[in-house]
Q: 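Could you have a look at this structure, given as structure tokens, before my questions?
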2 protein chains.
Amino acid sequence: MDIIEKCDCTTIHEDTVKKVKNSMPDEDCLYNLAETFKILSDNTRIKILYALLNSDMCVCDISALLNMTQSAISHQLRVLKQARLVKYRREGKSVYYSLDDEHIKSIFDQALIHINEK
Amino acid sequence: MDIIEKCDCTTIHEDTVKKVKNSMPDEDCLYNLAETFKILSDNTRIKILYALLNSDMCVCDISALLNMTQSAISHQLRVLKQARLVKYRREGKSVYYSLDDEHIKSIFDQALIHINEK
DNA sequence: TGAAAATATGAATATATGTTCATATGTTAG
DNA sequence: CTAACATATGAACATATATTCATATTTTCA
């Protein structure tokens, strides 16, 4: 009994568990997936990404667009930056943010297919 | 000055803001997107979904597979059920869960493309 | 150089959420 | 019916995180 530990019930399908266990991606992969979705799980960040999908924007413009404080936007841009979803360039006093990943739209589209089917 | 409210700086590109504003999906759509990703943003739920991608499983089997308590798994299955990502069928004392969305794999794959490019 | 503008950031607060624990519910076998 | 098993669930707790507030940093312009 090496498989059962925290489960307090009798495993019914030990063969199934073993088969599935072998098919599971490695921990890192699963962790990275969850982390990626965590970045996308916030309303403000989704809005920022959709905005940048249309046009590069400076922090001030994004704040105005979403009617949120510059600080809140700046904090979220940092999260998106660290996740390498956006990049930035400085132009004078302004900092312009833009998308750093061409697949964001594809991820959104796939999720929308799920949403629209329900 | 109808655009600027919480933003304490002068909007530099009012035209850009207006253009992007018009291109933004409606609030519901954006909210649903964030909610969908929120469901996928947890390690345990990702693992459950990947497991079910391979085979239908009862709660006990999933608990054994992930080495987690039956209660923790059951709570997460409820979240996945409410999000219509999984469905279930009762067979005797066991409850078997299975995927309720063929697009999950596609969503995962798109996210993995993003991950693997960095 | 000094003031103003745009952005970044640390600390604090409030809220959301994942797991645990105890227990309830539902099902089958004896 | 009762005991045993599988699952579900409510409350509590701990942790994570989004926003706010105050302030620091960076850049431009007078």
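Every heavy atom of this structure was used, including side-chain atoms; hydrogens, water molecules and symmetry mates were not. Every chain is numbered from 1 and lettered A, B, ... according to where its sequence line falls, protein lines coming before strand lines. Computed from a prediction, not measured in an experiment: that's the story for all the values here.
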Q: Can we say A/Lys19 and A/Asp15 salt-bridge, meaning some charged N sits less than 4.0 Å from an Asp/Glu carboxylate O?
A: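 No salt bridge links A/Lys19 with A/Asp15.
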
Q: Per the side-chain contact (heavy atoms from CB on, under 4.5 Å) rule, which among B/Leu77, B/Ile39, B/Ile48, B/Leu52 passes with B/Leu85?
A: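 Among B/Leu77, B/Ile39, B/Ile48, B/Leu52, the one that satisfies the side-chain contact (heavy atoms from CB on, under 4.5 Å) with B/Leu85 is B/Ile39.
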
Q: D/dC5 C1' sits how many Å from B/Glu91 CD, rounded?
A: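 Going from B/Glu91 (CD) to D/dC5 (C1'), I get 16 Å.
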
Q: Collect all protein-nucleotide pairs involving nucleotides 9-13 of chain C in which both atoms are nitrogen or oxygen and the distance is under 3.5 Å.
A:
residue : atom : partner : partner atom : Å
C/dT9   : O4   : A/Ser71 : OG           : 2.6
C/dG10  : O6   : A/His75 : NE2          : 2.8

Q: Under a single-linkage definition using a 4.5 Å side-chain heavy-atom cutoff for Ile, Leu, Val, Met, Phe, Trp and Tyr, are B/Tyr96 and B/Leu65 assigned to the same hydrophobic cluster?
A: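 Result: no, two separate clusters.
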
Q: In whole angstroms, how far is the P atom of C/dA5 from the CZ atom of A/Arg90?
A: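 For the pair A/Arg90 CZ and C/dA5 P, the rounded distance is 16 Å.
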
Q: Is there a path of hydrophobic side-chain contacts, each under 4.5 Å between heavy atoms of I, L, V, M, F, W or Y residues, that connects B/Ile115 with B/Ile46?
A: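 Hydrophobic grouping puts B/Ile115 with B/Ile46.
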
Q: With a 3.5 Å distance limit and no angle check, can you tell me whether B/Arg78 reaches the backbone of B/Leu80 through a side-chain donor-acceptor pair?
A: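 The answer is no, because no donor-acceptor pair under 3.5 Å joins these two groups.
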
Q: Any base atoms under 4.0 Å from B/Tyr97, or only sugar-phosphate, or nothing? Heavy atoms, all strands.
A: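 Answer is sugar-phosphate: B/Tyr97 comes under 4.0 Å of backbone atoms only.
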
Q: Which whole-number value in Å describes the distance from A/Leu66 CG to D/dT19 C1'?
A: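 My rounded result for the distance is 14 Å.
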
Q: Return the value, rounded to whole Å, for the distance between atom CD1 of B/Ile73 and atom P of C/dT20.
A: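 After rounding, the reported distance stands at 9 Å.
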
Q: Please give, in whole Å, the distance from D/dA6 C1' to B/Lys93 NZ?
A: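 Between C1' of D/dA6 and NZ of B/Lys93: 7 Å.
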
Q: Whether B/Glu27 and A/Lys47 form a salt bridge (side-chain N of Lys/Arg under 4.0 Å from carboxylate O of Asp/Glu) is what I want to check.
A: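 Yes, A/Lys47 and B/Glu27 are salt-bridged.
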
Q: Check the distance between D/dA6's C1' and A/His13's NE2 and give it to me in whole angstrom.
A: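 Spelled out: NE2 on A/His13 to C1' on D/dA6 is 13 Å.
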
Q: Please report the closest heavy-atom contact between B/Asp42 and A/Ala34, naming both atoms and the distance.
A: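 That would be C-CB, 4.0 Å.
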
Q: Calculate the interatomic distance between A/Leu77 atom CG and D/dT19 atom C1'; express it in whole Å.
A: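 Roughly 14 Å, once rounded to whole Å.
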
Q: Round to the nearest Å and state the distance from A/Met57 atom CE to C/dA6 atom P.
A: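 From A/Met57 CE to C/dA6 P: 15 Å.
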
Q: Look at the side chain of A/Val59 and decide which nucleotide, out of C/dA8, C/dT27, C/dT20, has an atom nearest to it.
A: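 Of the options given, the side chain of A/Val59 lies nearest C/dA8.
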
Q: Which of parallel (below 30°), tilted (30 to 60°) and perpendicular (above 60°) describes B/Tyr50 and B/Phe108?
A: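 Rings of B/Tyr50 and B/Phe108: parallel, as their planes differ by under 30°.
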
Q: For the residue pair B/Tyr88 and B/Tyr97, does the interplanar ring angle fall in the parallel (under 30°), tilted (30 to 60°) or perpendicular (over 60°) class?
A: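 Tilted: the ring planes of B/Tyr88 and B/Tyr97 meet at 30° to 60°.
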
Q: With the criterion being N/O to N/O and under 3.5 Å, what pairs connect the protein with nucleotides 15-18 of chain C, and how long is each?
A:
residue : atom : partner : partner atom : Å
C/dG18  : OP1  : B/Arg45 : NH1          : 3.4
C/dG18  : OP1  : B/Arg45 : NH2          : 2.9
C/dG18  : OP2  : B/Arg45 : NH1          : 3.1

Q: For a quick test of reading the model: is some side-chain N or O of A/Ser94 closer than 4.0 Å to OP1 or OP2 of C/dA6?
A: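 No, A/Ser94 has no side-chain N/O under 4.0 Å of OP1/OP2 on C/dA6.
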
